[in-house]
J.: 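Sharing a structure, written as structure tokens. Questions coming.
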2 protein chains.
Amino acid sequence: MLDISVAAFNDRGYDATSMGVLAERLGTTKSAIYYHVAGKEDLLRLALDKALDGLESVLEEPGARNGSPADRLRFVLRGAVLVLVRELPYVTLLLRLRGNTELERSALERRRRFDHEIATLVDLARADGSVRTDIDSRTITRLLFGMINSIVEWYKPDGSLTPDQLADDVIAIAFGGLQQPAER
Amino acid sequence: MLDISVAAFNDRGYDATSMGVLAERLGTTKSAIYYHVAGKEDLLRLALDKALDGLESVLEEPGARNGSPADRLRFVLRGAVLVLVRELPYVTLLLRLRGNTELERSALERRRRFDHEIATLVDLARADGSVRTDIDSRTITRLLFGMINSIVEWYKPDGSLTPDQLADDVIAIAFGGLQQPAER
DNA sequence: GTCTATACAAGGATAGAC
DNA sequence: GTCTATCCTTGTATAGAC
């Protein structure tokens, strides 16, 4: 039920999805939904928690805490991509929030904290020379996130591009850019 | 009036923005708005046209049509960033569409055509060796767009980062990645 | 051109039968 | 657990005075 609801939210936008069409897609009635959840916002809360729990768990793993800054950054970027793909609909919903309600604002706040931890890693990697210093650190972080977050807008889990391959590609482009990589 | 309306749409989302709050932010009443425009969707149409006209104009310029594929790609990316910043609120609105109505779907179709022209440029640049061939061409294009489009989510026109500097940064990161650029 | 008042539909949510 | 019927609010839009 949560899955179908979130799919509907992502198709039409949370606000534009009425309990009526939700009931329709669930093959039931509005009232039946209210037996299971307190209301529309309850469904949103469940979905956002899944997304945020997944993302935050990446930062808890040993690979995110030990090693060189560049390696930690690579680990976290890979982890973020994998979670994003694994929890695709939930993260999609999270990334499209506008902060209209208290619930939405607190979810955005949690997301900001996650972003901030990665920004810190970028700074560390700059300090030890593994990330370029000719461009402002926040600009780098934001463009990096833009690239990764955009995945929810086009990645199809049933296509031929596997999550691992996608993560490899993201890291290769993030660190090396569009140019042909040097032989080694 | 269009500016204020679009700002409201971007703050709260188009669907979540009622004519009531719109009137409030305009310092007038709902009825007064209807004197000037046919309805809420009319405001959306005006805004989307501005965004799409701006983006499409980039492809018409001589720099987008002449020169090496890599130079054309650089020109178009720079142009897209500059339009995106110049028409920031309008492009923001465009990039957040879900395609709920016929109007939204036709705008998305115009946007897809724009994206497709740039994808073609990436392919040309790959063919002549200026873009890496170890990663799928569509993946590259999508990550590239993700990075650029994300700008609407964080760029503040009144900050210290100028549009030209931003465009330089985007192109530097897009082609060279996070690594420190080689001396030259 | 802008206001007040209001029509009319749609949306979220509940009551109560089954 | 799910249905029908219904309440109340909000939303888009219009009528008509000023």
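All chains are named by letter (A, B, ...) in the order of the sequence lines, taking the proteins before the strands, and each is independently numbered beginning at 1.
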J.: Rounded to the nearest angstrom, tell me the gap between atom CD in B:E24 and atom C1' in C:dT2.
T.: 17 Å
J.: For the pair made of CG in A:L22 and P in D:dT2, what is the distance, rounded to whole Å?
T.: 14 Å
J.: Tell me if the CZ atom of B:R86 is crowded by more than 12 foreign heavy atoms within 6.0 Å.
T.: yes
J.: Show your reasoning for whether side-chain hydrogen bond (donor to acceptor under 3.5 Å, both in side chains) applies to B:T162 and B:D164.
T.: CA-CA 5 Å; B:T162 67; B:D164 280 313; 5.6 Å; no
J.: Using whole Å, report how far CG of B:L26 lies from P of C:dG1.
T.: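 It is 15 Å, rounded to the nearest whole Å.
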J.: If you only use heavy atoms from C-beta on, which nucleotide in D:dT14, C:dT14, C:dC3 is closest to the side chain of B:Y34?
T.: D:dT14
J.: Please pick, from C:dC3, D:dC3, C:dG12, the nucleotide with the shortest atom-to-atom distance to any side-chain atom of A:M19.
T.: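 Among the listed nucleotides, the one closest to the side chain of A:M19 is C:dG12.
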J.: Using the rule given for side-chain contact (heavy atoms from CB on, under 4.5 Å), can you reason through B:L55 versus B:L94, listing the C-alpha separation, both sets of side-chain angles and the distance that settles it, and then say yes or no?
T.: CA-CA 11 Å; B:L55 288 174; B:L94 172 68; 4.1 Å; yes
J.: So, A:D42 versus A:Y34: side-chain donor-acceptor pair below 3.5 Å or not?
T.: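 Judged by distance alone, the side chains do not pair up.
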J.: Rounded to whole Å, how long is the line connecting atom CG of B:D15 with atom C1' of D:dT10?
T.: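 So the CG-C1' distance, B:D15 to D:dT10, works out to 14 Å.
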J.: Are B:L108 and A:W154 in one and the same hydrophobic cluster, where Ile, Leu, Val, Met, Phe, Trp and Tyr link if side-chain heavy atoms are under 4.5 Å apart?
T.: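 Result: yes, single cluster for both.
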J.: May I ask you to say what B:S31 touches in the nucleic acid, namely base, sugar-phosphate or nothing, with a heavy-atom cut-off under 4.0 Å?
T.: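 Answer is base: heavy atoms of B:S31 come under 4.0 Å of a base.
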J.: Under 4.0 Å, heavy atom to any atom of DNA chain D: which of residues 35-50 of chain A qualify?
T.: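 Nucleic-acid contacts, sorted: A:Y35, A:H36.
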J.: Report the distance from atom NZ of A:K30 to atom P of D:dT2, rounded to the nearest whole Å.
T.: 17 Å
J.: Could you tell me whether a side-chain N or O of B:R96 sits under 3.5 Å from a main-chain N or O of B:N10, the two making a donor and an acceptor?
T.: yes
